[in-house]
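For clarity, every value in this text was computed on a predicted model and none was experimentally measured.
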Amino acid sequence: MIVFGRSLFLLSLPSNLITVSGFLQSISGRPTSSGTPSTSSSVPLFEAFGKSYDANSSNRKSNSKRQTQPRPIDPEGWPMKFPAQELCSKCGLCETSFVRHVTESCAFLDQGMQGMDRLEETVHGRPRRNDNNELRFGILHQPIQLVRGKNMNGAQWTGATTSIALAMLETNQVDAVVCVAQGDDNNDDDDWSLPNPIIARSAQDVLRGRGVKPSLSPNLRVLDEIQRDDTIQRLLFCGVGCSVQAFRAVQHELNLNEVYILGTNCADNAPTPQAANEFIEKGMGISTQQYKVEGYEFMQDYRVHVKLQNQQEGNPFDLYRTKPYFSLPASVAEPSIAPSCRHCFDYTNGLADVVIGYMGAPIQQAGMRMDDPQQSQQTLTVRNARGAHMVQTALQQDRLWINPEAPVDRGNHESTAIQTVLADTLVQRLYNDKLDLPSGMPEWLGNALASALQYVGPKGLAFARYSIDYHILRNYFHVLHHCRGDDSKALEKLPSSSVQLVEQYLASSTQLHDIQKRIKAKFES
């Protein structure tokens, strides 16, 4: 439906087998005592997000048209002409007149990510609980569930995100859906790697949002168009964490009667479409001239999964390939992950009403495809009553299936997260500029290691906690490096939940504490 995160964790693990046995031993310990995700009591919808932050503001959009509008920033100047410069996530806000709100909206300016604490309480009616689940997954209106979209051909996964969006539009509960198509408006959605935000008014428009868009996406580029259009009073906005945070900060300016936000989990997008293509070419050894990529993801079986379609005329066919993380050359990590993604702490999209992901979903059997219509599942996180209403609408429209069984939750996520950070060459290069990058294991060996990790490593929601913790720790070290070793300044840029997790890990792991000391020492004069 929208830009799905490329979880490039473990991509840069060294091919040196000396560390493999220790890594396996460290993560095969007894399962942690983590129960089923806690639930929040049903809370009334927060009035500000039904209509406006300002109860006295007019719903007539013509009032806002007469305001003097600042000039949007030319996207050709990205990133260095944008306020966040190299940390800009290209959310699209600054490409509109809403650039006037960038200082209070941007997740990567000053203490931007800390703003999540205030916004979460405003949006969902309460702060996160200090427990093993909400600390990582965000506010939970009900336990995390497994879902599958129904009869959604052409989706990257099961089409659950697209299914919810379609149901909301079909039942006339929204006037339009902001989603992301592929390619530009002139090439018939032919460029798989180029995200193109659109305002969808029909089911056909929404279906354009299926499939992978693996690079930074300017979802908010359509804000001025929405504000000018008097026929849009009820909106469904689809986006990843950084764009949702910016949207939440300015949605009152749109003077909408109803706003719903459908999010996805996200991590490690490519900075540009060119970078996404280069990852497929150099990392996977697949020609993007011969094949169109219909989906790719770093899956829970420690392999990259890629869905392909042959683009040669007269010989069309589909192809599905996998490759173990450990067999990827470490050199592809740096150019494949946008700098903003290395400074992000909203993997789980904490400000959306409902979130679709895959982190806690199971791999049912070896060789399973991510779009298997019978076995593939996605995770469903409902954060408030509005999100629950969206899911119920999709169920009533017979567009969504929910697994009655709770997700698996088994394995040691803490030690796995620590070992992954220690082995990550992106982290190592923060304190060792001369580090030689490994070329990756032979595939037969990488597959053997991936299978072993899948057997002894964390599973289901425990795997999700591992992935979240790893990204938070890795990104903390990147922020610390960006702040030239100033730990107090670095922690000011994190939401309180991430600060708590970082401090817990640093207190319990001397190895992580040593990385922190090495980064600090690099900037001591």
Side-chain angles (χ1 to χ4, degrees), residues 1-4 92 147-215 217-240 243 247 256 258-264 273 292-295 307-309 311 316 318 352 354 356 370-371 373 376 378 389-401:
M1 179 66 188
I2 61 174
V3 180
F4 285 81
V147 298
R148 182 186 301 136
K150 287 187 174 182
N151 304 316
M152 190 58 62
N153 295 327
Q156 169 160 328
W157 291 78
T158 73
T161 312
T162 307
S163 297
I164 294 174
L166 278 173
M168 292 294 288
L169 194 62
E170 289 169 340
T171 56
N172 196 34
Q173 299 197 51
V174 293
D175 302 311
V177 176
V178 174
C179 59
V180 182
Q182 294 176 339
D184 58 36
D185 293 327
N186 299 317
N187 68 2
D188 196 27
D189 300 349
D190 194 45
D191 189 342
W192 72 276
S193 62
L194 179 63
N196 179 24
I198 62 173
I199 300 175
R201 301 286 200 135
S202 67
Q204 184 177 2
D205 288 341
V206 172
L207 289 173
R208 291 179 61 195
R210 292 170 297 176
V212 64
K213 278 78 60 176
S215 58
S217 176
N219 293 47
L220 301 179
R221 194 172 62 194
V222 298
L223 285 179
D224 285 329
E225 186 177 351
I226 293 169
Q227 188 179 56
R228 290 192 301 264
D229 194 332
D230 292 326
T231 67
I232 300 177
Q233 293 295 332
R234 301 166 303 162
L235 182 72
L236 170 58
F237 179 84
C238 301
V240 295
S243 64
F247 182 87
L256 296 165
E258 297 286 346
V259 172
Y260 299 88
I261 294 189
L262 173 57
T264 61
K292 178 181 178 179
V293 180
E294 294 188 327
K307 291 196 305 180
L308 304 161
Q309 184 181 71
Q311 298 192 113
D318 293 332
V354 61
I356 298 294
M370 58 182 162
D371 62 345
S376 184
Q378 296 175 265
H389 173 73
M390 294 162 67
V391 173
Q392 187 60 35
T393 299
L395 289 171
Q396 291 171 350
Q397 290 296 106
D398 197 31
R399 288 200 168 276
L400 203 65
W401 171 83

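Within the model, atoms CZ of Arg221 and CD1 of Ile198 stand 11.0 Å from one another, a figure rounded to the nearest 0.5 Å. Atom CE of Met152 is separated from atom CZ of Arg399 by 5.0 Å, given to the nearest 0.5 angstrom. Rounded to the nearest 0.5 Å, atoms CD (Gln378) and CD1 (Ile356) are 6.0 Å apart. Summarising the geometry, atom CZ belonging to Phe247 is positioned 6.5 Å from atom CG belonging to Leu223; distances are rounded to the nearest 0.5 Å. Between atom CD of residue Glu258 and atom CE of residue Met168 there is a gap of 8.5 Å, rounded to the nearest 0.5 Å. Note: Arg148 CZ to Trp401 CH2 = 4.5 Å, rounded to the nearest 0.5 Å.
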Practice item. Kindly indicate, with the supporting measurements, whether the criterion side-chain contact (heavy atoms from CB on, under 4.5 Å) is fulfilled by Val177 and Leu166. Key: CA-CA 9 Å; Val177 176; Leu166 278 173; over 6 Å; no
Check your understanding: After noting the C-alpha distance and the side-chain angles of Ile226 and Val178, does the key distance pass the side-chain contact (heavy atoms from CB on, under 4.5 Å) rule?
Key -> CA-CA 9 Å; Ile226 293 169; Val178 174; 3.7 Å; yes
Review point. Where do Ser217 and Val240 land on the side-chain contact (heavy atoms from CB on, under 4.5 Å) test, with the steps shown first?
Key: CA-CA 9 Å; Ser217 176; Val240 295; over 6 Å; no
Practice item. Take Tyr260 and Val354 through the test side-chain contact (heavy atoms from CB on, under 4.5 Å) and record every step on the way to the result. Key: CA-CA 9 Å; Tyr260 299 88; Val354 61; over 6 Å; no
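Side-chain contact, Gln397 with Thr171: no donor N or O sits under 3.5 Å from an acceptor N or O. For the residue pair Asn172 / Arg234, a side-chain donor-acceptor distance below 3.5 Å is found, with atom types taken as modelled.
Not a single salt bridge (charged side-chain N to carboxylate O under 4.0 Å, His left out) links Glu225 to another residue, sequence neighbours left out. Applying the side-chain hydrogen bond (donor to acceptor under 3.5 Å, both in side chains) criterion to Gln396, with sequence neighbours excluded, gives no partner residue. Checked against salt bridge (charged side-chain N to carboxylate O under 4.0 Å, His left out), Asp205 has no partners two or more places apart in sequence or in another chain.
Judged by distance alone, with hydrogens and angles left aside, the side-chain atoms of Lys307 form no donor-acceptor pair with the main-chain N or O of Trp157 at under 3.5 Å. Between the side chain of Asp175 and the backbone N or O of Gln233, at least one donor-acceptor pair lies under 3.5 Å.
Using a 4.5 Å heavy-atom cutoff, the side chains of Leu236 and Gln173 are not in contact.
The minimum heavy-atom distance linking Thr158 with Val147 is given by the pair OG1-O, 4.4 Å. Across all non-hydrogen atoms, the minimal contact from Thr393 to Ala167 is CG2-O, 3.7 Å. The minimum heavy-atom distance between Leu194 and Pro273, with the atom names listed, is CD1-CG, 3.8 Å. Heavy-atom minimum distance, Pro197 versus Pro218: CG-O, 3.0 Å. Residues Asn219 and Gly239 approach most closely at ND2-CA, 3.7 Å, considering heavy atoms. Ser163 approaches Gly149 most closely through the heavy-atom pair OG-CA, 3.6 Å.
Screening Leu400, Val174, Ile164 for a side chain to side chain contact (heavy atoms under 4.5 Å, CB included) with Met390, the sole residue that qualifies is Ile164.
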